[in-house]
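The first residue of the sequence shown is numbered 1, and numbering continues consecutively from there. Indexing begins at 1, ligand by ligand and atom by atom, following the structure's order.
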Amino acid sequence: MTKPNTILTDTFGREHTYLRISLTERCNLRCTYCMPADGIALSPKSHIMTYEEIYTIAKEFVEHGVTKIRLTGGEPLVRKDVGRILEQLATLPVELAITTNGVIVHRFIDLFKKIGLQKINVSLDSLDNDKNTAITRRDYFAKVHDNIQLLVKEGFEVKVNCVLIKGFNDNEIVDFIELTKTQPLQIRFIEFMPFDGNKWNLDKLVSLEEVLKEVYAHYDAQSFIRLKDAPNDTAKNYQIKGYAGSFAVISSVTNPFCDSCNRIRLTANGQLKNCLFSTSETDLLTPLREGKSIVPVIQKAVGSKKKIRSGMETLEQFKDPDSHNNRSMIAIGG
Ligand code: SAM
C-alpha cells in the first residue's frame with residue numbers, strides 16, 4: 001500500500017513523484033555540452049550502486065509516492081546489468097521510462113516490450129552527419145537516426161532531445177520540426193545548461209523566445225498551435241496543424257518550471273540531487289550500506305529544496321562561474 005506522500009513533499013508543497021535514476025557515469029558518446037574533452041574522473045566501481053541497491057532505493061521512493069521512474073546516465077544502456085535492473089524495476093507499481101543516446105537501443109526492443117516500457121527519449125542534436133560527429137565526438141549519426149525510425153515503427157512513444165547551441169545547430173530548428181510532419185515524434189529543444197567543463201555561457205544559449213521567433217518566421221500564425229502541457233511537464237508544447245508529431249521547448253534557464261517541479265535525481269554513485277542546478281548532493285548510499293533507514297535522509301534532502309533553480313533566481317546569477325560548480329551532466333544524469 002502506498003503511504004501518504006509526506007517525506008517527498010518539500011516546504012513549498014511540491015510533491016516529488018518522479019525519480020530519475022542514473023545507472024552509470026559511462027557513455028559511448030562524448031557530447032561536448034555534457035562532458036569535458038578529457039572525460040571525467042569516474043567513481044570507483046565500489047561506489048556505484050549495485051542493481052540490488054538501485055532496486056531497494058527505488059522501492060522506498062515508490063512506497064512513499066513516486067509514480068514514475070526514468071533511467072538515465074551516462075548512457076544507461078551501456079551498463080552490463082541494465083536488463084536485470086529494468087526487469088526488477090518493472091515489478092514496482094511505477095511508470096518506467098528511459099533516456100538514451102540511441103546508439104544501441106535496437107538491442108533492447110524485445111525487453112522494453114516485455115516489461116511494458118513505452119516512453120523513450122533519444123538524444124539527437126543535429127540532422128547533419130558531420131555536425132553530429134563534431135558534437136558527440138563519435139560517428140554514430142546514421143545508427144541513431146535509424147534507431148529513432150525503428151522505435152517509432154515498433155510503436156514506442158519517442159521524444160527526441162535536441163540541445164540547441166547558438167551558431168551550431170540553431171539553423172536546424174525548422175528541419176527538426178519538419179520531422180514531425182509525418183512521424184509521431186515529439187522534438188524537444190533544450191536550452192543549453194551550465195555544468196562543469198562544458199564551456200557554457202549565456203551567449204551560446206538559444207532561448208524559448210528565440211525558438212518561437214524562428215517558428216513564427218517560417219510558419220504562419222494560424223498553423224501554429226500551443227498545446228496544453230501535461231501536469232508537471234517541463235516542456236512547453238506546440239504543434240504545426242495537421243502534423244503527426246509535435247515539438248516542445250525545455251526552457252530550464254530562461255523560463256524555468258520550478259513551481260510545478262516534481263523531480264528528484266539519484267546519481268549512479270547513490271547521491272540525491274534535489275535540483276539539477278544544485279551544487280550539493282545528499283549521500284544515500286552510505287547509510288543504505290550501513291543498514292540505516294534512508295527515509296530521514298530523503299526527507300531532509302527534499303525538505304532543503306530551494307524554490308527556484310537551487311537558489312539561482314535570476315539569469316544574472318548564471319554569469320557567476322561558481323553557480324556552475326556542479327558535476328558534469330554525464331555524472332549527474334540528465
Ligand atoms: N546518454 C543518454 C542521452 O544521451 O540521452 C542519457 C544521459 S544525457 C546526460 C540526458 C540528457 O541530458 C540528454 O538529452 C542531453 O541532451 C541532456 N544534456 C546533457 N548536457 C546538457 C546541457 N549542458 N544542457 C542541456 N541538456 C543537456
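Polar contact with ligand 1: absent for G73 (N/O pair, distance under 3.5 Å). Polar contact check, Y33 against ligand 1: a nitrogen or oxygen pair lies under 3.5 Å apart.
Judged as a side-chain hydrogen bond (donor to acceptor under 3.5 Å, both in side chains), the pairs with a partner in residues 77-86 (not counting sequence neighbours) are, in order, Y51-R84, R79-D81.
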Could you give me the CA-CA distance, side-chain angles and deciding distance for V253 and M193, then say whether side chain to side chain contact (heavy atoms under 4.5 Å, CB included) is met? CA-CA 7 Å; V253 180; M193 292 183 278; 3.9 Å; yes
Kindly determine whether Q183 and Q149 satisfy side chain to side chain contact (heavy atoms under 4.5 Å, CB included), including the steps that lead there. CA-CA 9 Å; Q183 299 186 74; Q149 316 297 314; 2.9 Å; yes
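Proximity of S22 to ligand 1 is not established, as no heavy-atom distance is less than 4.0 Å.
Every atom of ligand 1 with a heavy atom of G74 under 4.0 Å away is listed here by number and element: 1 (N), 2 (C), 6 (C), 7 (C). Here is the list of ligand 1 atoms found below 4.0 Å of a heavy atom in I190: 25 (C), 26 (N). Residue F192 has at least one heavy-atom neighbour below 4.0 Å for each of these atoms of ligand 1: 23 (N), 24 (N). Which parts of ligand 1 touch E191 is read off a 4.0 Å heavy-atom cut-off, strictly below it: atoms 24 (N), 25 (C). Of all the atoms in ligand 1, the ones that sit under 4.0 Å from a non-hydrogen atom of T72 are 6 (C), 7 (C). Listed by number with element, the atoms of ligand 1 under 4.0 angstrom from any heavy atom of C34 are 9 (C), 19 (C), 20 (N).
Remark: E75 does not engage R26 in a salt bridge, criterion side-chain N to carboxylate O under 4.0 Å. Ion pairing of E53 with R289 is present here, as a side-chain N (NZ or NE/NH1/NH2) and a carboxylate O approach within less than 4.0 Å. Between R14 and D10 there is a salt bridge, with a side-chain nitrogen of the basic residue lying less than 4.0 Å from a carboxylate oxygen of the acidic one. The residues E209 and K213 are annotated as not salt-bridged, no charged nitrogen and carboxylate oxygen being separated by less than 4.0 angstrom.
Residue-level proximity to ligand 1 for T100 is carried by the backbone, the only part with a heavy atom below 4.0 angstrom.
Taking only non-hydrogen atoms, the option from E75, R188, K204 nearest to atom 2 (C) of ligand 1 is E75. Nearest-heavy-atom check against atom 14 (O) of ligand 1 across S123, P194, C162 picks out S123. When V163, V78, N161, N121 are ranked by how near their heavy atoms come to atom 26 (N) of ligand 1, first place goes to V163.
Placement of I225 and V211 in two distinct hydrophobic clusters is found when ILVMFWY residues are connected by side-chain heavy-atom separations under 4.5 Å, directly or transitively.
Ring orientation note: the planes of Y216 and F224 are nearly perpendicular, at an angle over 60° on the 30°/60° scale.
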